[in-house]
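Following: one structure in structure tokens, then a few remarks.
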Protein chains: 2
Amino acid sequence: MPVQTPLPKVSSYAETGLVPRRAKGSDRRMRQQKPRTRIQRQNRETILEAALEVFSQHGFRGATLDMIAAQAGLSKPNLLYYFASKEAIHVSLLSQLMDTWLDPLRALDAQGDPVAELRAYMRRKLELSRDFSRESRLFANEIVQGAPHMQAALATDLKTLVDEKSTVIRGWAAAGRIADVDPHHLIFSIWALTQHYADFDVQIRAVLGEGRDPMAEAERFLDTLFTRLLAP
Amino acid sequence: MPVQTPLPKVSSYAETGLVPRRAKGSDRRMRQQKPRTRIQRQNRETILEAALEVFSQHGFRGATLDMIAAQAGLSKPNLLYYFASKEAIHVSLLSQLMDTWLDPLRALDAQGDPVAELRAYMRRKLELSRDFSRESRLFANEIVQGAPHMQAALATDLKTLVDEKSTVIRGWAAAGRIADVDPHHLIFSIWALTQHYADFDVQIRAVLGEGRDPMAEAERFLDTLFTRLLAP
DNA sequence: CGTTCGGTTGACCATTTGGTCAAAAACAAT
DNA sequence: ATTGTTTTTGACCAAATGGTCAACCGAACG
């Protein structure tokens, strides 16, 4: 049994120890990209919502189909009628998430005011951390453990978008409209600082103690931080 | 079966689903705080090192005793001769880690030059991320999932130390020796920015592409960032 | 040399868990 | 109502996994 999991291409069974198996029954039907009936769309929705709750709290391995089924109010075999496997639910959740997650960066406008654009990006990311902390933790869990299901997406979609926006930012720096900082690391710093408030929520609350509002304080602090960092 | 795990005091079996059970055989002996023989000290060491490797890569639930045993080059029953349970290994690792992790902050000297002290703290944390990335990921895994084994330590040891250093920093700000920023969030930002490079390593490498040195670049970037943030 | 005791392990066990399946409901179409 | 299709589930299964235990090994000590 390999202890050092080799980095997989797209989807790894190494993590779960499962051997890929042709699913037979429902699989054929579920392969249809678009769920047909209303009940299908609705149940898939319910399952994904439940799975998000459970996966984000326990990680992939820590979550069980029974937990997800209970949370969704469905029977376990019923889950597997809508998704081919536990892994399929996880992957579905992750790929769906990726889009939402990148939207704020896509919105960064090369024509806008540089400092305002970057601060707005930071604020949008912070809002995501506040309003979609489960999604953030799901993502964090995945990446911390080596992104066994997302490697590909990171190196393609994500990299492409980041590189593109980095060019814009580099342009702004070259024009002297913001300070001369490395665009990639500037973006990393926005990710790190905003996601930290979602992913390390327990720690932050433990340290701050009762009666404080981490997110509200974070917004003020980060606003100051980026204003000072970016000033030309 | 509860899907929503209630937050436990110190050590929770809820996560594993196991019911506490009196260990009989080795437990009595292993309760002795200090390992007696050299071989005991050495094997415990070996096991913890192996467990660190495995836990940091797969999380608590994702790791198995077989993986750890294989990595350590010991048999599974032998692991359980030295530690009462899988959980005991995990807890041992975490409490050991806590100290190392806080050292850099402890070293923050109220008598030193404010900006230099804070930048040095940041740099020490970044070095930890570089040289002890497994420890960082172990910690991240634990916190992201709600810190089931560390709640207490966070709210006591950690909070105490952070509050203490926050007072120092607030003093510096009040004296106009650094910019007037919230001390707690300043510390959070150092944690977030440095640990991000360890915990999200895969993502960072995927985005930067080949032939770059994330840590070296991070050091320059973060130095700029904190210099600009802290300038009075 | 034999006993003792720390250390080690093969075989085993109970539970958990992802997944299957045949049959039953529920629902639609005729 | 009758027939066909989709949805649901109780009962199972095989593999994985944390943990146990009785027996075994090896070296120190009398």
Side-chain angles (χ1 to χ4, degrees), chain A residues 1-3 13-30 32 35-44 46-47 51 54-55 58-70 72-91, chain B residues 1 3 13-30 32 35-47 51 54-55 58-70 72-91:
Chain A
M1 177 198 316
V3 171
Y13 293 89
E15 187 199 345
T16 65
L18 296 176
V19 169
R21 208 188 296 198
R22 281 293 104 230
K24 281 176 294 184
S26 58
D27 190 34
R28 208 174 330 126
R29 177 159 43 253
M30 288 306 120
Q32 305 169 174
R36 293 280 125 130
T37 74
R38 175 176 40 80
I39 190 167
Q40 271 190 30
R41 189 160 36 251
Q42 200 177 31
N43 275 349
R44 284 182 65 103
T46 305
I47 292 170
V54 176
F55 279 137
H58 303 274
F60 181 75
R61 285 290 301 257
T64 72
L65 287 177
D66 283 310
M67 290 185 199
I68 300 174
L74 296 173
S75 69
K76 183 167 64 168
N78 211 3
L79 291 200
L80 294 164
Y81 174 73
Y82 290 102
F83 290 90
S85 66
K86 180 186 177 184
E87 209 189 10
I89 303 179
H90 196 231
V91 169
Chain B
M1 178 198 314
V3 171
Y13 293 89
E15 187 196 346
T16 66
L18 296 176
V19 169
R21 208 187 299 198
R22 278 296 102 229
K24 280 175 295 186
S26 56
D27 190 34
R28 209 173 331 124
R29 177 158 43 254
M30 287 307 119
Q32 306 168 174
R36 294 279 126 130
T37 75
R38 175 174 41 79
I39 192 167
Q40 270 190 31
R41 191 161 33 251
Q42 200 177 30
N43 275 349
R44 282 181 68 101
E45 190 88 7
T46 307
I47 293 169
V54 177
F55 279 137
H58 303 274
F60 180 74
R61 286 290 300 258
T64 72
L65 286 177
D66 283 309
M67 291 185 198
I68 301 175
L74 296 174
S75 69
K76 183 168 62 167
N78 211 3
L79 291 201
L80 294 165
Y81 176 72
Y82 289 103
F83 290 89
S85 66
K86 179 186 178 184
E87 209 190 12
I89 303 179
H90 195 231
V91 170

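Quantities reported herein were computed from a predicted structural model and do not represent experimental measurements. Sequence lines set the chain letters: A, B, ... in the order given, protein chains first and strands last, and positions in each chain run from 1.
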Of all heavy-atom pairs linking Ile68(A) and Ile47(A), the shortest is CG2-O, 4.2 Å

Parsed dot-bracket for DNA chain D after applying the Watson-Crick and G-U rules with both distances under 3.5 Å and | for other-strand partners is ||||||||||||||||||||||||||||||

Separation of dT8(D) atom P from Phe83(A) atom CZ, nearest Å, is 13 Å

Contacts of Asn78(B) meeting side chain to side chain donor-acceptor pair (under 3.5 Å) (sequence neighbours excluded), chain-then-number -> none

Give Ala63(B) one of three labels, base, sugar-phosphate or nothing, depending on what nucleic acid heavy atoms sit under 4.0 Å from its own.
sugar-phosphate

note: Glu87(B), atom CD; dT17(D), atom P; distance rounded to Å ~ 18 Å

Can you say whether the rings of Phe60(B) and Phe55(B) are parallel (under 30°), tilted (30 to 60°) or perpendicular (over 60°)? parallel

Between the OG atom in Ser85(B) and the CG atom in Leu79(B), the distance rounded to the nearest 0.5 Å is 11.5 Å

To the nearest angstrom, the CG-P distance between Leu65(A) and dT20(C) comes to 11 Å

Looking only at heavy atoms, the pair that brings Ser75(B) and Ala69(B) closest together is C-CB, 4.0 Å

(request) Please tell me if the side chains of Arg61(A) and His58(B) come closer than 4.5 Å, counting only heavy atoms from C-beta onward. (result) no

Arg44(A) atom CZ is separated from dT6(D) atom C1', nearest whole Å, by 15 Å

Applying side-chain contact (heavy atoms from CB on, under 4.5 Å) to Ala72(A) and not counting sequence neighbours gives Thr46(A), Ala50(A), Leu74(A)

The residue, Asn43(B) or Lys86(A), whose nearest nucleotide of DNA chain C is more 5′ is Asn43(B)

In whole angstroms, the gap separating C1' of dT17(C) from CE of Met67(A) amounts to 10 Å

note: Phe60(A), atom CZ; dT17(C), atom P; distance rounded to Å ~ 13 Å

Rounding to 0.5 Å, atoms NE2 (His90(B)) and NZ (Lys86(B)) come to a distance of 8.5 Å

Taken to the nearest whole Å, CD1/Ile39(B) to C1'/dA27(D) is 11 Å

Review item, nucleotides 9-12 of chain C N/O atoms under 3.5 Å of protein N/O:
from, atom 1, to, atom 2, distance (Å)
dT9(C), OP2, Ser75(B), OG, 3.2
dT9(C), OP2, Asn78(B), ND2, 3.4

Taken to the nearest 0.5 Å, the spacing of Asn43(A) CG from Phe83(A) CZ works out to 9.5 Å

Taken to the nearest whole Å, CG/Leu80(B) to C1'/dT8(C) is 12 Å

Looking at dG7(C), I'd like to know if its phosphate oxygens (OP1 or OP2) sit under 4.0 Å from a side-chain N or O belonging to Gln40(B). yes

dT17(D) OP1/OP2 closer than 4.0 Å to side-chain N/O of Arg61(A): yes

